[in-house]
Amino acid sequence: MPLQSGRMLRGNRAIIAPLAPACVNPASSWEVSPAAATAAANARSKHNTILFAKSVRYRGTTATTTDYMYTLLFVLLLNACSSRRAPPARAAATDALVEKSVNTIRFLADAVEKDNSGHPGLPMGCAPMGHILYDEVMKYNPKNPYWFNRDRFVLSAGHGCMLQDALLHLAGYDSVKGSKTPGHLENFETPGIEVLGKGVANVVGLALAERHLATCFNKPDNEIIDHYTYVLLGDGCQMEGIANEACTLAVHWGLGKLIAFYDDNHISIDGDDTEIAFTEDVIDRSEALYGVTTTGYGSPNKANTYSVHGSALGAEEVDATRQSLEWPYEPFYVPEDVKSHWSRYVPEGAALEAEWNARFVEYEEKYKEEAAELKAIISGELPAGWEKALPTYTPESPADATRNLSQQNLNALAKVLPGLLGGSADLASSNMTLLKMFGNFQKGTPEDRNVRFGVREHGMGAICNGIALHSPGLLPYCATFFVFTGYMRAAMRISALSEAGVIYVMTHDSIGLGEDGPTHQPIEHLIRFRAMPNILMFRPADGNETAGTYKVAVLNRKRPSVLALSRQKLPQLPGTSIEGVEKGGYIISDNSTSNKPDLILIGTGSELEIAAKAADELRRGKQSVWYLLFAGSRLMSNQMNTRRVSSLLLSLQGLVSKQGSRLDGRSMLEAKARRSGLTGLEQVLLLGEYTRSLV
């Protein structure tokens with residue numbers, strides 16, 4: 001079924017020349033004109049990275065098939081002109097079946113109507129794009145959504161998640177049945193969803209991971225890593241600064257296996273056209289292929305209006321849309337011929353994975369060492385004894401800033417953890433994050449492991465999320481000053497929500513910065529991250545503490561870790577240990593009898609040295625004192641049944657805290673009080689006493 005000359009002209013701003021077999025996808029009979037092929041090749045050679053494919057806005061109601069063909073044209077053009085591998089060989093559907101399948105996707109968005117919540121516009125407008133990707137281009141295995149060499153698709157315009165929900169359902173994924181979060185699908189709840197939030201920037205991280213691993217492990221006779229990353233982004237994505245941060249890096253790094261589709265529907269929630277706030281020429285900025293879509297395509301009265309973007313159509317408009325698209329079926333019904341067409345992806349996906357597994361067996365036979373390393377990155381299994389590489393310190397070791405001690409740990413780990421890579425937001429020499437035995441990850445050297453993010457804190461965090469979620473054995477870290485987490489806190493929160501074990505190396509941790517003044521002095525930052533769910537917040541006090549922090553961070557692959565590190569030198573304290581950090585809180589020194597000290601001192605980071613000196617002074621005055629290191633409440637909560645920590649929580653007289661946050665101690669005390677069976681009134685009195693003890 002060759003694409004006929006002239007079929008692309010209606011509604012298209014770019015004229016496609018008469019077609020000739022100069023640039024043909026070998027897996028199908030679709031053809032691309034020499035002029036179009038040359039245009040794409042020129043654009044690609046100029047920046048060698050993200051290419052935008054976009055479908056066309058049609059005012060009529062019967063242009064679905066043409067819309068489909070236009071989208072397919074550019075996907076296959078990218079396929080043929082980007083030296084990419086051919087898509088899986090699949091029988092082409094007839095025009096009628098294509099139109100029915102695309103409309104099936106649109107009407108599966110009836111879930112928005114059923115729940116009276118959601119965004120129907122994008123699924124209706126972008127159904128042809130989604131159909132093309134999942135039906136003609138991408139390789140995946142619905143019954144194993146985590147197959148390593150799958151193509152990855154991310155819906156950056158996540159509000160339109162019913163599009164991906166419908167596509168996963170048609171393709172045979174089990175995960176979308178009874179989704180707990182249908183309004184915005186989440187990676188940890190719905191296999192088949194790659195990432196959560198920060199879509200286009202996450203995609204750059206996914207593509208970086210593919211490029212790095214392919215360069216490290218592919219061989220001339222076996223390209224064992226060969227997958228692509230696709231993203232659908234909207235006008236809102238283009239407006240946000242994070243998209244510019246991430247996409248300029250993708251261009252700089254030459255991530256040519258990243259392909260973006262731009263849903264340019266010109267609709268704004270605040271009005272009928274994005275021109276009320278956004279007039280930038282995205283295509284000029286991106287040097288991209290051009291076209292636009294109709295949000296809510298098929299809806300006679302709401303298509304191409306802002307009301308279809310974020311609200312259900314309403315029963316009357318749903319009926320009108322059924323008539324407009326000549327759709328006689330009940331809600332959520334998939335016609336038998338459409339179901340039959342899509343049913344092939346379960347056996348086909350299994351065959352694709354089996355074929356890749358056979359290739360991996362061949363790879364393993366010839367390249368045993370590389371295969372073992374790649375297996376570990378795919379599975380997340382850490383090398384045996386890796387933690388022995390962590391340095392240890394004694395009180396006789398020289399005082400040093402914990403940022404310098406952090407660099408010692410990073411470089412020690414880089415020798416034994418092949419998945420460790422990362423960098424700083426243009427502060428590597430100050431954050432001390434350079435891996436000295438490696439060069440820079442660049443377009444020409446993607447095998448190296450120092451990632452130069454430039455001054456792009458928000459994009460940096462989101463890119464690291466993508467790297468972490470690509471493969472369990474990839475261990476990304478990123479760095480800036482602790483006070484600058486304000487620029488990237490949203491990405492760090494998404495790390496916690498999406499279970500991406502990014503390591504955040506944050507230096508210049510306190511007011512001890514002197515001449516830099518309040519703009520560089522983090523005050524409220526510590527309590528913010530201690531309050532954030534599923535994130536580990538650390539302030540190591542010396543070398544052993546820093547090593548212990550890295551051990552915990554590496555082991556926690558589904559929880560990000562934040563390391564607040566000092567610029568000033570700190571002594572190596574007696575009593576600190578790697579093992580103690582793993583407990584979250586532990587007693588450094590105790591001169592009490594019967595486990596009943598007169599006073600308890602708590603400290604973290606650079607303040608622990610002050611607590612230690614205070615303890616020495618008090619003991620000279622015949623006081624019995626514990627001084628305790630508070631590494632992290634979430635780790636410490638796991639130790640709450642131990643006798644000494646329980647005693648700490650309930651021994652309130654004389655409690656002095658220098659930990660910087662009352663939130664953690666109070667929350668732990670609440671938990672202990674509940675476990676102790678105290679009544680509500682007793683808990684109130686206990687918590688009141690605790691609060692007074694901190695004054």
I'd like a table of donor-acceptor pairs (distance under 3.5 Å, sequence neighbours excluded) in which one partner is a side-chain atom from residues 472-492, with atom names and distances.
{"residue": "Tyr477", "atom": "OH", "partner": "Thr433", "partner atom": "O", "Å": "2.9"}
{"residue": "Thr485", "atom": "OG1", "partner": "Phe482", "partner atom": "O", "Å": "2.7"}

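- For Arg150, the side-chain hydrogen bond (donor to acceptor under 3.5 Å, both in side chains) partners are Glu194, not counting sequence neighbours.
- Annotation for Glu524: atom CD counts as buried by contact number, over 12 foreign heavy atoms lying within 6.0 Å.
- When ring centroids are compared, His227 and His470 come within the 6.0 Å threshold.
- Residue pairs satisfying the side-chain hydrogen bond (donor to acceptor under 3.5 Å, both in side chains) criterion with at least one member in residues 375-390, sequence neighbours excluded, are listed as follows: Glu364-Lys375.
- Between the Glu245 side chain and the Met460 main chain, no donor and acceptor come within less than 3.5 Å of each other.
- Screening Ile494, Leu206, Leu155 for a side chain to side chain contact (heavy atoms under 4.5 Å, CB included) involving Val195 leaves a single residue, Leu206.
- Classified by interplanar angle (parallel below 30°, tilted 30° to 60°, perpendicular above 60°), the ring pair Phe441/His212 is tilted.
- With hydrogens and angles disregarded, a donor-acceptor distance shorter than 3.5 Å links the side chain of Asn218 to the backbone of Ile224.
- Using a 4.5 Å heavy-atom threshold, the side chains of Leu565 and Val505 count as touching.
- For the side chain to side chain contact (heavy atoms under 4.5 Å, CB included) with Thr549, the qualifying choice from Leu563, Leu405, Asn544, Asn409 is Leu563, the only one to do so.
- Side chains of Asp590 and Ile587 form a contact here, defined as non-hydrogen atoms less than 4.5 Å apart.
- Annotation: side chain of His520 is not in contact with side chain of His508 (no heavy-atom distance under 4.5 Å).
- Side-chain atoms of Ser495 never come within 3.5 Å of backbone atoms of Pro560 as a donor-acceptor pair (strictly under, hydrogens ignored).
- Two residues are said to be in side-chain contact when any heavy atoms from C-beta on lie closer than 4.5 Å; Leu420 and Arg449 meet this criterion.
- Annotation: side chain to side chain contact (heavy atoms under 4.5 Å, CB included) contacts of Glu370 (sequence neighbours excluded): Phe217, Lys219, Tyr363, Tyr367.
- Contacts classified as side-chain hydrogen bond (donor to acceptor under 3.5 Å, both in side chains) and involving residues 414-426 (residues at least two apart or in different chains) are given here: Ser424-Asn431.
- Residues passing the side chain to side chain contact (heavy atoms under 4.5 Å, CB included) test with Tyr146 are Asn144, Pro191, sequence neighbours excluded.
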